[in-house]
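We count residues from 1, following the sequence as given.
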Amino acid sequence: MVPERIQQSCKLKDSSRRLVKALTMLSVSAMLLLPTFPATALAQDAVQNEEWQFALGIYGWGANIGGETPTGSDIEVDLDDILDNLQFTAMGIVGARKGKWSFAANIIYMDLESDKNSTVPTGSGPLGVNTDLELRAWVITPTVGYTLVESDKVILNIRGGARYLSLDADFEMNLNTPAAPLYAKVSDSGNVWDAIIGVNGKFAFNKRWYAPYYLDIGTGDSDFTWQVAAGVGYKFDICDVTLEYRYLSWDFDDNPALDNLNINGPMLGAKFLF
């Protein structure tokens with residue numbers, strides 16, 4: 001029979017820590033391309049045009065991840081860890097504008113898988129442990145905007161919408177003991193809906209250079225969520241390119257894996273209008 005302390009070490013320490021870290025990595029990865037696009041793409045062009053205008057945006061976010069578990073443990077995951085475990089991703093952002101009204105949707109799917117071998121120290125020597133974790137996520141963010149202020153120098157819009165995050169996780173563990181191998185498998189899923197409201201727009205320096213900005217707050221399944229982004233943009237003839245710093249945060253209510261989560265870092269993007 002395997003000693004009880006070895007079972008506890010494997011089940012409670014090793015697997016729970018890996019699961020919490022992997023869930024955090026997936027949450028952050030799935031948010032790498034969240035909708036700064038609707039905030040800064042359509043709203044920065046002429047809103048007096050009553051014809052339909054469409055836009056497509058592509059963004060990359062070099063994010064750092066921070067957070068805390070309900071037990072008080074800090075979480076830190078860097079971008080290299082996310083990229084090392086990325087199996088597949090499909091992301092798209094589309095938007096439309098007519099007059100002062102704009103509409104946008106961000107749809108993201110990601111698949112992460114981590115397969116690692118490690119050891120558990122015991123009095124009779126280390127035991128081998130193999131863990132396999134696969135996580136799948138959908139992030140869907142629809143928003144609606146209305147232009148409040150428009151001039152040659154300043155554009156101000158109000159936006160409302162929602163943030164939706166769905167996570168599915170499969171965790172497997174094999175422990176090689178002298179008596180007999182131990183095997184465990186856990187599957188879980190969950191989702192979070194939050195309503196959000198905010199403002200966005202730009203300050204134009206001239207016909208080419210401008211400073212985009214975005215701010216929102218919200219609540220729902222989480223206690224509180226907020227996001228802020230600001231930076232500089234340049235208008236080329238065929239597209240706009242922006243470089244911004246972005247901060248995104250959640251405070252969760254009675255979440256067994258995470259108490260709070262924040263993602264921050266520089267973001268580089270491009271948008272195309274049709």
Hydrophobic cluster identity match, V144 and V149, side-chain contacts under 4.5 Å:
yes
Is there a path of hydrophobic side-chain contacts, each under 4.5 Å between heavy atoms of I/L/V/M/F/W/Y residues, joining L148 to W101?
yes
Would you give the length of the straight line joining atom CD of E244 to atom CE of M267, rounded to the nearest 0.5 angstrom?
4.5 Å
N-O pairing of R208 and D237 below 4.0 Å:
yes
What distance separates E51 CD from R97 CZ, expressed to the nearest 0.5 Å?
14.0 Å
Of all the heavy-atom pairs spanning R159 and S102, show the shortest one and how long it is.
NH1-OG, 3.0 Å
Scanning both residues in full, the closest heavy-atom pair of L273 with A55 reads CD2-CB, 3.4 Å
Does N206 have more than 12 heavy atoms from other residues, nucleotides or ligands lying within 6.0 Å of its CG?
yes
Spatial distance of atom CD1 (I158) from atom NZ (K100) [nearest 0.5 Å]
13.5 Å
By the salt bridge (Lys or Arg N to Asp or Glu O under 4.0 Å) test, which pairs, at least two apart or in different chains, include something from residues 216-225?
R163-D216
Going through the checks in order, is the side chain to side chain contact (heavy atoms under 4.5 Å, CB included) test met by Y164 and T141?
CA-CA 6 Å; Y164 172 74; T141 310; over 6 Å; no
Smallest heavy-atom separation, P212 atom then G233 atom, equals CD-N, 3.8 Å
The residue among V228, T225, N260, N262 that forms side chain to side chain contact (heavy atoms under 4.5 Å, CB included) with S249 is N262
Residue pair V94, F54: steps toward the side chain to side chain contact (heavy atoms under 4.5 Å, CB included) verdict
CA-CA 8 Å; V94 294; F54 302 94; over 6 Å; no
S222: what forms a side-chain hydrogen bond (donor to acceptor under 3.5 Å, both in side chains) with it, not counting sequence neighbours?
D194
Taking only residues two or more places apart in sequence, or in another chain, which ones meet D170 in a side-chain hydrogen bond (donor to acceptor under 3.5 Å, both in side chains)?
R136, S187
Any residue meeting ring pair (Phe, Tyr, Trp, His ring centres under 6.0 Å) with F274, in chain and number order, not counting sequence neighbours:
none
Y234 side chain reached by L243 side chain, heavy atoms, under 4.5 Å
no
With a 6.0 Å cut-off on the ring centroids, do Y247 and Y245 count as close?
no
Could you report the tightest heavy-atom contact between D240 and Y210, atom names first, then the distance?
OD2-OH, 2.9 Å
Those residues at least two apart in sequence (or on a different chain) that pass side chain to side chain contact (heavy atoms under 4.5 Å, CB included) with F205 are W209, A211
So how far is it from K235 NZ to K271 NZ, rounded to the nearest 0.5 Å?
4.5 Å
Can any side-chain N or O of R246 pair as donor or acceptor with the backbone N or O of N264 at less than 3.5 Å?
no
Transitive ILVMFWY side-chain link F236 to V232, under 4.5 Å
yes
Separation between CD (E150) and CD1 (I155), nearest 0.5 Å, reads 5.5 Å
Suppose we screen for side-chain hydrogen bond (donor to acceptor under 3.5 Å, both in side chains). Which residues come up paired with Y146, at least two apart in sequence or across chains?
none
Measure the spacing between OH of Y213 and CG of L156 and express it to the nearest 0.5 Å.
4.0 Å
